Enquirer: 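Got a structure here, written out as structure tokens. Questions coming.
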Amino acid sequence: MLQLVGVHSGYGQIPILRDISLNVAEGEFVGILGHNGMGKSTLLMTIGGTLPATDGRIEMGGQDITRLPVHRRARMGLGYVKQGRRIFPRLTVRENMQAACLAGGQPLARAEEMIALFPRLAPIAERPGGVLSGGEQQILALARCLCTAPRLVMLDEPTEGIQPSIREEIVEALLMLRDRLRLTMLLVEQNEAFLGALCTRSYCLEKGRLVA
Ligand SMILES: Nc1ncnc2c1ncn2[C@@H]1O[C@H](COP(=O)(O)OP(=O)(O)OP(=O)(O)O)[C@@H](O)[C@H]1O
């Protein structure tokens, strides 16, 4: 479903990612493990298209997406939950999700379907996004991404700043999505146990290179 071959990228003249080759098969959950500053977010931004690859090739579903703009990749089914969640603080939970439905060309009814999938969201559907706890925001960010009907979801550090009990709930939610929606997922994390609970395979990112 996703393949990177010899991908390089960075910020202006500063190279960060070097010769990244990886693949994620349909229905697979694959992890990228790495400490702070190793290039995990840079990798997801390069796949998502907010940062151009300076060399190499990125394919999704057998199609070359290396030079496609962000919105075209999203329309092809690439979902991306960015680090920090980026919830709209003044919009309610439901409105955050409806906005994603509109952006992704999906009917608003999809927001209701996704709210029904996550028991934690229904009781807080009318609450503004800005007052939610970190864990609630993470679940909302995931549900909001699903409103765009992605085929592949990239998650950037979903457990960052989240207490262990909610972390387990996020694991359960992701396992449920794997079984019910047959999602494919690329997860970037510092938490090895979290990746171990979810992923069939993990790569390790060190100083911009994949080492395993
Ligand atoms: N806009 C930028 N301009 C220049 N360098 C940057 C920029 N953003 C990130 N970097 C550098 O790129 C490297 C990789 O950063 P990146 O955010 O991808 O790491 P990360 O593995 O996601 O770390 P974290 O877990 O702390 O989010 C770091 O050395 C960082 O300082």
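Since we're looking at a predicted model, the values are computed, not measured. Both backbone and side-chain heavy atoms feed into the values below; hydrogens, waters and symmetry mates do not.
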Enquirer: Test side-chain contact (heavy atoms from CB on, under 4.5 Å) on L22 and L43 and set out the steps.
Expert: CA-CA 11 Å; L22 64 82; L43 175 60; 4.2 Å; yes

Enquirer: Taking C-beta and beyond as the side chain, do I47 and L186 meet within less than 4.5 Å on heavy atoms?
Expert: yes

Enquirer: Is there a donor-acceptor contact under 3.5 Å linking the side chains of Q106 and T148?
Expert: no

Enquirer: For a quick check under 3.5 Å, do Q83 and S41 share a side-chain donor-acceptor pair by atom type?
Expert: yes

Enquirer: Look at the side chain of E95 and the backbone N and O of T92, then say whether any donor-acceptor pair between them is shorter than 3.5 Å.
Expert: yes

Enquirer: I'd like to know if R94 and E112 make a salt bridge, using a cut-off of under 4.0 Å between side-chain N and carboxylate O.
Expert: yes

Enquirer: Would a distance-only check, ignoring hydrogens and angles, find a side-chain to backbone donor-acceptor pair under 3.5 Å from E189 to T159?
Expert: yes

Enquirer: Quick one, M154 and V81 - any side-chain contact, counting heavy atoms below 4.5 Å?
Expert: no

Enquirer: Specify the closest pair of heavy atoms between A143 and M97, including all atoms of both residues, with the distance to one decimal.
Expert: CB-CE, 3.7 Å

Enquirer: Shortest non-hydrogen contact from L210 to S21?
Expert: CD1-O, 3.5 Å

Enquirer: Give a yes or no answer on whether the side chain of K82 reaches the backbone of M45 with a donor-acceptor pair at less than 3.5 Å.
Expert: no

Enquirer: Might you work through the side-chain contact (heavy atoms from CB on, under 4.5 Å) test for V153 and L78, ending with a clear yes or no?
Expert: CA-CA 6 Å; V153 174; L78 184 58; over 6 Å; no

Enquirer: Kindly give the cluster partners of V5, where membership spreads through any ILVMFWY side chain lying under 4.5 Å from a current member.
Expert: none

Enquirer: Would you say CD of E192 has more than 12 non-hydrogen atoms from neighbouring residues, nucleotides or ligands within 6.0 angstrom?
Expert: no

Enquirer: Any side-chain heavy atom of C199 within less than 4.5 Å of one from L187?
Expert: yes

Enquirer: Using side-chain heavy atoms (C-beta onward) and a distance below 4.5 Å, is Q98 in contact with L91?
Expert: no

Enquirer: Considering non-hydrogen atoms only, spot the tightest contact between R67 and A53 and give its length.
Expert: NH1-O, 3.1 Å

Enquirer: Mark yes or no for whether H8, through its side chain, and R18, through its backbone, hold a donor-acceptor pair below 3.5 Å.
Expert: no

Enquirer: When you measure from the centre of the six-membered ring of F194, is the NZ or CZ of R167 under 6.0 Å away and within 45° of the axis?
Expert: no

Enquirer: Compare all side-chain heavy atoms of N36 with those of Q190 and state whether any distance is below 4.5 angstrom.
Expert: yes

Enquirer: Which atom names give the shortest non-hydrogen contact between V93 and I124, and what distance separates them?
Expert: CG2-O, 3.3 Å

Enquirer: What is the minimum heavy-atom distance between C145 and G79, and which atoms define it?
Expert: SG-CA, 3.7 Å

Enquirer: If we ignore hydrogens and angles and just use 3.5 Å, is the side chain of Q137 paired with the main-chain N or O of G129 as donor and acceptor?
Expert: yes

Enquirer: Does any non-hydrogen side-chain atom of R85 lie less than 4.5 Å from one of I87?
Expert: yes

Enquirer: Under 4.5 Å between any side-chain heavy atoms of R201 and N23, yes or no?
Expert: yes

Enquirer: Report the C-alpha distance between L102 and L108 in whole Å, list the side-chain angles of each, state the deciding distance to 0.1 Å, and finish with yes or no for side-chain contact (heavy atoms from CB on, under 4.5 Å).
Expert: CA-CA 7 Å; L102 292 175; L108 292 184; 4.0 Å; yes

Enquirer: Is the terminal nitrogen or CZ of R73 (NZ for Lys, CZ for Arg) located under 6.0 angstrom from the six-membered ring centre of Y80 and within 45° of that ring's axis?
Expert: no

Enquirer: Hey, any chance I32 and M185 share a hydrophobic cluster, counting ILVMFWY side chains that come within less than 4.5 Å of each other, even indirectly?
Expert: no

Enquirer: Mark yes or no for whether R110, through its side chain, and L146, through its backbone, hold a donor-acceptor pair below 3.5 Å.
Expert: yes

Enquirer: Which donor-acceptor pairs under 3.5 Å do side chains of residues 56-65 form with protein atoms, sequence neighbours excluded?
Expert:
residue	atom	partner	partner atom	Å
R57	NE	E59	OE2	2.7
R57	NH1	D64	OD2	3.0
R57	NH2	E59	OE2	2.9
D64	OD1	T66	N	2.9
D64	OD1	T66	OG1	2.5

Enquirer: So which heavy atom on S9 is nearest to which on L51, and how close?
Expert: OG-CD2, 4.2 Å

Enquirer: Can you confirm whether L183 sits close enough to R178 that some side-chain heavy atom of one is under 4.5 Å from a side-chain heavy atom of the other?
Expert: no

